[in-house]
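Accompanying notes for the structure given below.
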Amino acid sequence: MGFAEMEVPVRFLQIGGGNMGGALLERWVDQLSWSFTVVDPGQPALPEGVEHVPTLNRLAGTAFDALIVAVKPQILDEAVAGLVHHLKPNAPIISIAAGVPCERFEKLIGAHPVIRAMPNMPVKVGQGMSGLVGNSLVTDKIRTQIETLFAPTGHFIWLDDEDAIDRFTAIAGSGPGYVFELLRSYAAAAANLGFSEEQGERMAAQTIKGAIALAMSSDASPEALRNAVTSKNGTTEAGLDVMRREPGFESLLLEGTKAAYDRAVELRA
Ligand SMILES: NC(=O)c1ccc[n+]([C@@H]2O[C@H](COP(=O)([O-])OP(=O)(O)OC[C@H]3O[C@@H](n4cnc5c(N)ncnc54)[C@H](OP(=O)(O)O)[C@@H]3O)[C@@H](O)[C@H]2O)c1
C-alpha cells in the first residue's frame, strides 16, 4: 500500500535537513498537514513543527509512510543503512540526491516506488521548478500524492526517463546559479556606468523580474517581445549588437548547459 492510501496524517521520514532539504520542509510544514521527522546528525535549522533526531536508532518501532532522501550522494549508503526497518511495506521513496538512479534505492532498500525529484533553490519562496521521474512501481495514486507534496514548492513537471533528470538538472537545477551570475554581472555593468552597488543591484533585479513577469503573462514569443522593445538604431539595438557577438548569450548558454549535463552524467552514481 502506498502513502496515497494511508489514513491521514501521513508520516514522512526525511534523511538530511541541510540547504535543500530544509528549504523544502519550510514549504511543506507551512502548507501541508502531514508530519515530518528529520534524521540529521548535525544541528540543522529546521522549521517549527518538524521532529529532529540525530540518528535512526532514536526511531525504534516507528514505521513511516514515505521516505525523503536529502543527503549528499557520497554519504547515501551510510545514511540509508537500516532504514528499511522504519518504512512501511511499499512506502514511496522520494530522492533529491543528484545523479543517484532509482535502481540504487531498489538495491539499498528493496522494491519500493521511487521518485527522483530535482528541485531548484527558489522552492524556498514557493517559486521552484522541479523535475520528477518515477520507477515502474509508482502508481497513479502515488503520482497524485507527489504532486500534492510538490505543489507548495512552485512548479513541477514529470519527465520521461532518468536521463531527462540529468538534462533538467543542467537547465533548471543549476539554473538559479546562472541567473545569480547574470544578476551579478548586470549590477557590475550598472556600477561601470556610475551607479552605486545598491542602485545597480536593484535596477538589475527589478529589470530581470519585470521582464520575466511580462514574458510569463504574455502569449508572445521571447523573440517577439525582444523585437517589440528594440527600435531600429536605438539604444537597445546598440546593446544587443554587442551582446550577440560570438560567443554571445545563446552560445554561452548552449555550451554552459551542455557542460553541466556532461558533468551530471559523469557524477551518475
Ligand atoms: N542545493 C541545491 O540547490 C540542490 C538542488 C537539487 C538537489 N540537491 C540535492 O540535495 C541533496 C542535499 O543537498 P544540500 O545542498 O541540501 O546539502 P547539505 O546542505 O549538505 O545537506 C545535507 C544534510 O545531510 C546531513 N547528513 C550528513 N550525514 C547524514 C546522515 N548519515 N544521515 C542523515 N543526514 C546526514 C548533513 O549534515 P552535516 O552538514 O552535519 O554533514 C546536512 O545537514 C544532495 O543530494 C543534492 O544533490 C541540492
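Read the numbers this way: they start at 1 and go in the same order the structure lists the ligands and their atoms.
- With ligand atoms numbered from 1 in the order given, ligand 1 contributes 5 (C), 6 (C) to contacts under 4.0 Å with heavy atoms of Pro119.
- Of the protein's heavy atoms, Ile96 O, 3.1 Å lies nearest to atom 9 (C) of ligand 1.
- Scanning all protein heavy atoms for the shortest distance to atom 1 (N) of ligand 1 gives Met121 CE, 3.9 Å.
- Using a 4.5 Å heavy-atom cutoff, the side chains of Leu159 and Met118 are not in contact.
- Distance check for atom 24 (O) of ligand 1: a protein heavy atom is found below 4.0 Å.
- For a threshold of 3.5 Å applied to N or O pairs, the pair formed by Ile15 and ligand 1 contains no separation below that value.
- For Ala70, every heavy-atom contact with ligand 1 shorter than 4.0 Å involves the backbone, none the side chain.
- In this structure, Arg226 places its CZ atom where more than 12 heavy-atom neighbours from other residues, nucleotides or ligands lie under 6.0 Å away.
- Ranking the protein heavy atoms by distance from atom 48 (C) of ligand 1 puts Met20 CB, 3.8 Å first.
- Taking every non-hydrogen atom of Glu78 and a distance limit under 4.0 Å, the qualifying atoms of ligand 1 come out as 31 (N).
- For Glu181, the CD atom is densely surrounded, since the number of other residues' heavy atoms within 6.0 Å is greater than 12.
- Residue-ligand proximity: Gly173 is placed with every non-hydrogen atom at 4.0 Å or more from ligand 1.
- Annotation: Val71 places an N or O atom under 3.5 Å from an N or O atom of ligand 1; distance criterion only.
- Atoms of ligand 1 lying under 4.0 Å from any heavy atom of Gly16, numbered from 1 in the order shown and given with element: 23 (C), 24 (O), 33 (C), 34 (N).
- If you check which protein heavy atom lies closest to atom 28 (N) of ligand 1, you get Ile75 CD1, 3.1 Å.
- Defined by atom type and a distance below 3.5 Å, a donor-acceptor pair is missing between the side-chain atoms of Thr230 and Glu237.
- The side-chain heavy atoms of Val29 and Trp34, taken from C-beta on, include no pair separated by under 4.5 Å.
- Atom 21 (O) of ligand 1 has its closest protein heavy atom at Gly18 CA, 3.2 Å.
- For ligand 1 and Ala79, the ligand atoms under 4.0 Å from any heavy atom of the residue are 30 (C), 31 (N), 32 (N).
- For Asp65 and Lys88, the salt-bridge test passes: some basic side-chain N is under 4.0 Å from an acidic carboxylate O.
- Heavy atoms of Pro73 approach ligand 1 to within less than 4.0 angstrom.
- Nearest protein heavy-atom contact of atom 13 (O) of ligand 1 is Lys72 CE, 3.9 Å.
- At least one side-chain heavy atom of Asp166 sits less than 4.5 Å from a side-chain heavy atom of Arg268.
- In this structure, the side chain to side chain contact (heavy atoms under 4.5 Å, CB included) partners of Leu137, at least two apart in sequence or on a different chain, are Ala111, Pro113, Asn135.
- Checking atom 38 (P) of ligand 1 against the protein gives no heavy-atom contact under 4.0 Å.
- If you check which protein heavy atom lies closest to atom 47 (O) of ligand 1, you get Ala98 N, 3.0 Å.
- In this structure, Glu103 places its CD atom where only 12 or fewer heavy-atom neighbours from other residues, nucleotides or ligands lie under 6.0 Å away.
- We find the SG-NE2 distance between Cys102 and His112 to be 13.5 Å, quoted to the nearest 0.5 Å.
- Counting heavy-atom neighbours within 6.0 Å of Tyr178 OH, excluding the residue itself, gives a total above 12.
- With contacts defined as side-chain heavy-atom distances shorter than 4.5 Å, the pair Leu59/Phe64 qualifies.
- Taking atom 35 (C) of ligand 1 as the reference point, the nearest protein heavy-atom neighbour is Pro41 CD, 3.3 Å.
- Residue Asp40 places at least one N or O, backbone or side chain, under 3.5 Å from an N or O of ligand 1.
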